[in-house]
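Down below is the structure, laid out as structure tokens.
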Amino acid sequence: MKSHEKAFLHVLVGAKPVKYTIKITSPEKSKAGLLALCVFADGSLPPMSRVVDEAARGRLVDLISSGELDEKAGSTLLLHGLAGVPAERVLLVSLGKSGALNDKAWRNALGAAGRALAHTQARDGAIALEDAVLPPGRDLAWALRQATRILSDHAYRFDAPRAKDENAKRGARKIAFLLSSEPDPSQKEALLHGQAIAEGMALAKDLANLGANVCTPARLAETALALGKRFEFDVDVLDRADMEKLGMGALLSVARGSRREPRFIVMHYRGGDRHGKTRKERHSRARPIVLVGKGITFDSGGISLKPGAEMDEMKYDMCGAACVIGAFKAIALMALPIEVIGLVPATENMPDGDASRPGDVVRSMSGQTIEILNTDAEGRLILCDALTYAERFEPDCVIDIATLTGACVVALGRIPSGLLSTDDDLADELTKSGLDAGDRVWRLPLWEEYQELLKSNFADMANIGGRFGGAITGAAFLSRFAGAYKWAHLDIAGTAWLSGEAKGATGRPLPLLGEFLIGRATARGH
Ligand code: BES
Ligand code: MN
Ligand code: ZN
């Protein structure tokens with residue numbers, strides 16, 4: 001199926017994104033419905049907040065010095081009808097102590113502003129940004145890229161199919177960044193980049209939050225096709241027969257347990273050759289970056305059935321796929337001058353009468369055979385064939401993104417994603433991207449010794465490695481299929497969604513990937 005054969009544009013409809021602009025307005029003149037101002041806990045005011053304080057006859061300093069605003073970075077104080085300024089509401093946001101300002105404190109403050117802007121009755125918001133409120137070593141372009149993304153993250157709402165549409169109208173849909181001087185081109189671009197990543201994240205969250213009865217492998221494919229059509233990149237969707245021809249026996253061994261047809265989605269964005277400035281640049285084609293996303297639209301465990309508690313959350317087992325599809329939306333919106341390929345093996349893992357059993361031996365596309373000792377270790381089975389498929393693109397590097405192991409959550413908790421890689425430079429680059437984006441990873445070792453745990457008496461390897469180091473043995477398994485290129489694996493089992501009251505997809509690790517891809521595009525002399 002080629003992208004032009006079918007238009008599935010309806011599957012892309014989601015909530016309208018927040019619109020961002022830059023205004024060269026002094027904040028005491030801003031008529032915004034909600035004006036957010038950064039202040040320090042010790043009462044020292046950055047220049048753009050000082051002018052508002054002066055217009056309001058020192059009211060801000062009074063409030064802060066009387067202890068109305070909590071010291072902690074991210075605490076807020078909302079003032080209605082502040083005398084002397086035209087803004088309807090003024091939100092004071094604490095950056096903590098001025099000497100202690102760092103990335104984390106800044107993100108907390110922006111997050112707090114985002115929460116207020118997402119719940120306010122005001123239709124439009126404004127945030128004053130200037131060098132004085134930035135963490136050490138960060139510039140305005142960075143701040144604009146992060147701020148747009150953080151604010152949109154908070155503005156996101158899943159359009160749940162309820163009988164009555166509740167509080168759909170709340171929140172500012174237009175936000176202006178107030179700067180003290182004309183933005184340079186990199187700052188203008190940062191705004192677009194942050195917005196693009198936010199839109200990719202919103203799509204990823206939408207796909208992930210849908211129930212598995214709606215978000216099927218076919219639906220993922222339709223979404224990719226619709227994106228390809230709208231943004232003019234190539235999308236190919238392989239069906240079961242195509243996969244059989246390719247010998248994707250590992251992927252198909254998972255798919256056979258489900259009544260829903262599997263799909264293998266191939267997205268190809270060619271920004272690499274079109275955007276070169278000179279002939280020579282256009283022809284010194286860089287090798288493509290390949291992103292692979294685990295697309296298990298529901299993971300019941302298969303015959304090795306999971307326990308019932310929280311099993312609904314296994315609809316999120318396609319968050320890797322959602323992130324890759326969302327990344328393509330972001331890449332296309334940014335028009336990055338790089339070549340990127342997205343691969344999404346998509347299927348359910350279900351316990352049908354024809355499902356794979358523990359003890360079954362299957363042959364992967366690579367020719368290596370696998371003894372399936374646990375049908376719940378299915379992610380690696382679909383990913384290994386995708387990793388082999390990736391070889392044909394002679395990639396610069398391959399990054400797979402997968403909710404692969406519960407063991408990763410045990411090891412690292414829900415703060416960083418797990419990073420495992422056979423290439424130190426790529427691992428460092430991803431680690432740095434994660435820090436810059438506030439979407440951190442933590443690297444786990446991938447030493448040779450772990451490979452022994454995958455020994456099988458009946459095949460080249462088993463699909464599980466025993467009780468210990470599960471996140472590592474999962475990655476060790478994958479590494480056997482990723483020998484032809486630089487490779488990194490992101491285990492997002494602990495970071496892709498939140499449980500409990502705040503249950504919902506996070507869109508991670510798209511912020512990290514966005515930062516990484518922008519970095520690659522910039523390195524190419526964009
Ligand atoms: N999708 C799960 C991993 C998972 C579990 C992610 C819980 C987030 C929360 C994966 O397919 C799986 O079931 N992995 C098994 C592997 C085991 C059988 C070796 C696991 O982690 O228990
Ligand atoms: Mn599983
Ligand atoms: Zn799974």
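Counting convention: from 1, in listed order, for ligands and their atoms alike.
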- So between N349, D317, I296, whose heavy atom ends up nearest atom 1 (N) of ligand 1?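 When every heavy atom of N349, D317, I296 is considered, D317 comes closest to atom 1 (N) of ligand 1.
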Worksheet item: Which is closest to atom 4 (C) of ligand 1 by heavy-atom distance: G474, C319, G406?
Response: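 Answer by nearest heavy atom: G406.
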Judged by modelled atom types alone, do [X] and [Y] share a side-chain donor-acceptor pair under 3.5 Å?
X    : Y    : value
N349 : S300 : no
T375 : S356 : no
E310 : S499 : no
E391 : S366 : no
D206 : Y156 : yes

Check: With a 4.0 Å cut-off, strictly under, does atom 22 (O) of ligand 1 pick up any protein heavy atom?
Finding: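 Given the 4.0 Å cut-off, atom 22 (O) of ligand 1 does not count as touching protein heavy atoms.
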Note the single closest protein heavy atom to [atom], along with its residue, its atom name and the distance in Å.
atom                    : result
atom 16 (C) of ligand 1 : R380 NH2, 3.9 Å
atom 9 (C) of ligand 1  : M314 CE, 3.6 Å
atom 15 (C) of ligand 1 : D376 O, 4.0 Å
atom 2 (C) of ligand 1  : D299 OD2, 3.5 Å
atom 18 (C) of ligand 1 : N374 ND2, 3.5 Å
atom 19 (C) of ligand 1 : I464 CG2, 3.4 Å

*asked:* Tell me whether T403 reaches ligand 1 (any heavy atom closer than 4.0 angstrom to a ligand atom).
replied: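 Checking ligand 1 against T403, which is what was asked, there is a heavy-atom contact under 4.0 Å.
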Ligand 1 contact on [X] by region, counting heavy-atom pairs under 4.0 Å:
X    : result
W497 : side chain
K306 : side chain
L404 : backbone

message = Check the orientation of Y316 and W497. Use parallel for under 30°, tilted for 30 to 60°, and perpendicular for over 60°.
response =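 Answer is parallel, since the angle falls under 30°.
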Should you measure from each heavy atom of [X], which atoms of ligand 1 turn up under 4.0 Å away?
X    : answer
E378 : 11 (O)
T405 : 3 (C), 21 (O)
A493 : 6 (C), 8 (C)
K294 : 1 (N), 10 (C), 11 (O)

Nearest non-hydrogen partners of K455 and A462, listed with the distance: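 Where K455 meets A462 most closely, the heavy atoms are O-CB, 4.1 Å.
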On a heavy-atom basis, which atom in L387 and which in Y485 lie closest, and how many Å separate them?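 Shortest heavy-atom separation between L387 and Y485 comes out as O-OH, 2.7 Å.
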Review point. Which N/O/S atom belongs to E378 and is the closest one to the Zn ion (ligand 3)?
Key: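 Nearest N/O/S atom of E378: OE2.
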D317, N/O/S atom nearest the Zn ion (ligand 3):
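Within D317, restricted to N, O or S, the Zn ion (ligand 3) is closest to atom OD2.
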- Which atom, among the N/O/S set of E378, is closest to the Mn ion (ligand 2)?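 Result for E378 and the Mn ion (ligand 2): OE1.
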inquiry  = Between the Mn ion (ligand 2) and D299, which N, O or S atom of the residue is the nearest one?
reply    =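 The D299 atom nearest to the Mn ion (ligand 2), restricting to N, O or S, is OD2.
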Quiz prompt | Sole candidate of V362, V361, D460, L454 that passes side-chain contact (heavy atoms from CB on, under 4.5 Å) when paired with I370 | solution =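 Answer to the side-chain contact (heavy atoms from CB on, under 4.5 Å) test with I370 among V362, V361, D460, L454: V362.
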| request: Go through the steps for D425 and K486 under the test salt bridge (charged side-chain N to carboxylate O under 4.0 Å, His left out), then give the verdict. | output: CA-CA 9 Å; D425 291 333; K486 295 178 190 168; 6.0 Å; no
Test: R480 cationic atom under 6.0 Å from F477 six-membered ring centre, within 45° of axis: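 Not satisfied by the 6.0 Å and 45° rule.
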Please report, to 10°, the angle around the Zn ion (ligand 3) from atom OD2 (D299) across to atom NZ (K294).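 The two atoms subtend 180° at the Zn ion (ligand 3).
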**Study point:** Qualifying residue, where the test is side-chain hydrogen bond (donor to acceptor under 3.5 Å, both in side chains) with T403 and the options are T495, D299, D317
**Key:**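 Per the side-chain hydrogen bond (donor to acceptor under 3.5 Å, both in side chains) rule, the option paired with T403 is D317, out of T495, D299, D317.
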message = Is any side-chain heavy atom of S258 closer than 4.5 Å to one of F298?
response =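 No - every pair of side-chain heavy atoms lies 4.5 Å or more apart.
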